[in-house]
Amino acid sequence: MTSHTSPRRTSTRLADALAAGAVVLDGGMSNQLESAGHDLSDELWSARLLAERPEAVTEAHLAYYLAGASVAITSSYQATFEGFGKRGIGRNEAARLLGLSVELAREAARKAHGAGVARPLWVAASVGPYGAMLADGSEYRGRYGLGVDELERFHRPRMEVLAAAAPDVLALETVPDADEAAALLRAVRGLGVPAWLSYTVEGLRTRAGQPLEEAFGLAADADEVIAVGVNCCAPQDVRGAVEIAARVTGKPVVVYPNSGEAWDARARAWRGRTTFGAEQVEAWRDAGARLIGGCCRVGPKAIAGIAGALTA
């Protein structure tokens, strides 16, 4: 059963921890749930389990905390009012499920502390891109045909709900397009919760083709943003992006690439081989990365390797 105690943030701020050194982020939620036998073929992906198997989400978070992660990203990446609405879930219930995603990660942190984990543990509320709601691979392309104002109107309501659940940080993640980043940066203002902004990239450009200097520059003067970086990209694309993010913004850099396999949106499957390894982590840290983990297909074993490499 999920605890119903009030949500509570860790007393140590994540921004302060990043200023002091490197912090370990978790790995992929979907692959951890699939490895436990859950079917994620639905368009809602892992967000479906918020309604149907919330305890499974808590256990997935717990596996990463126990493996060495200090930050867990909630299962709200694909959780939107529009996406839930397609399944007949009304706005009130959708809002409850969004808030529940934060509480489930808090529950996992409580369990981890109960199991002897002594370090501070943080919760990042995932805010996925507009393309994630479409469930057609659009988050790897961007350019949805929507303007910044329209994208801000899409993102702001669920960000308000997530912020009200009191996460430590909002993860504005897997952003393929600088226009969508601009919308997210507008939407996060006034929510009272810090955020990180993380693009999905190919080479030294966003998936929509903008140079990373331009894309990261949008967040340079955003006081709400405590880290910028990349996720859901190939491991070989990380180092160059980290260097640009650190230089352009002066902020700590967040990185959590995929395993190196490629997503086949038509088949809804991963292809290729793994190129992710903990031995790459020190180079990322030396380039400016301070919040380091993995995204799709990166599991607890790899996160344990990252934790080991960063504390060696």
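- The ring pair (Phe, Tyr, Trp, His ring centres under 6.0 Å) analysis of residues 152-179, with sequence neighbours excluded, yields the pairs Y130-F154.
- Taking R297 as the reference, S259, E261, W270 meet the side-chain contact (heavy atoms from CB on, under 4.5 Å) condition, with sequence neighbours excluded.
- The local environment of CG in D149 is crowded, with over 12 non-hydrogen atoms from other residues, nucleotides or ligands closer than 6.0 Å.
- By the side-chain contact (heavy atoms from CB on, under 4.5 Å) test, R119 is found to be paired with S70, V117, L121, residues two or more places apart in sequence or in another chain being considered.
- For the side-chain hydrogen bond (donor to acceptor under 3.5 Å, both in side chains) test, no residue two or more places apart in sequence or in another chain qualifies with W284.
- Looking at residues two or more places apart in sequence or on another chain, you find no side-chain hydrogen bond (donor to acceptor under 3.5 Å, both in side chains) involving T249.
- Looking at residues two or more places apart in sequence or on another chain, you find a side-chain contact (heavy atoms from CB on, under 4.5 Å) between A195 and L170, L172, V188.
- With sequence neighbours excluded, no residue forms a side-chain hydrogen bond (donor to acceptor under 3.5 Å, both in side chains) with Q280.
- Ion pairing between a basic and an acidic side chain is recognised when a charged N comes within 4.0 Å of a carboxylate O; E55 and R53 show such pairing.
- No side-chain heavy atom of Y256 sits under 4.5 Å from any side-chain heavy atom of D26.
- R239 pairs by the side-chain hydrogen bond (donor to acceptor under 3.5 Å, both in side chains) definition with E243, not counting sequence neighbours.
- Identified under the salt bridge (Lys or Arg N to Asp or Glu O under 4.0 Å) test for residues 198-207, with sequence neighbours left out: none.
- Counting only residues at least two apart or in different chains, ring pair (Phe, Tyr, Trp, His ring centres under 6.0 Å) contacts with residues 216-255 comprise Y199-F216.
- Closest approach of A307 and V24 over heavy atoms only: CA-CG2, 3.9 Å.
- The salt bridge (Lys or Arg N to Asp or Glu O under 4.0 Å) analysis of residues 210-227, with sequence neighbours excluded, yields the pairs E213-R247.
- A salt bridge is absent between R106 and E103; no separation between the charged side-chain nitrogens and carboxylate oxygens falls under 4.0 Å.
- By the 4.5 Å heavy-atom criterion applied to side chains, S75 and L50 are counted as neighbours.
- Residues passing the side-chain contact (heavy atoms from CB on, under 4.5 Å) test with E282 are R285, sequence neighbours excluded.
- A distance of 11.5 Å separates CG in L218 from CZ in R186, rounded to the nearest 0.5 Å.
- Checked by atom type, the side-chain pair Y144/E180 shows a donor-acceptor distance below 3.5 Å.
- Note that the CD atom of E59 and the CD atom of E107 stand 9.0 Å from one another [nearest 0.5 Å].
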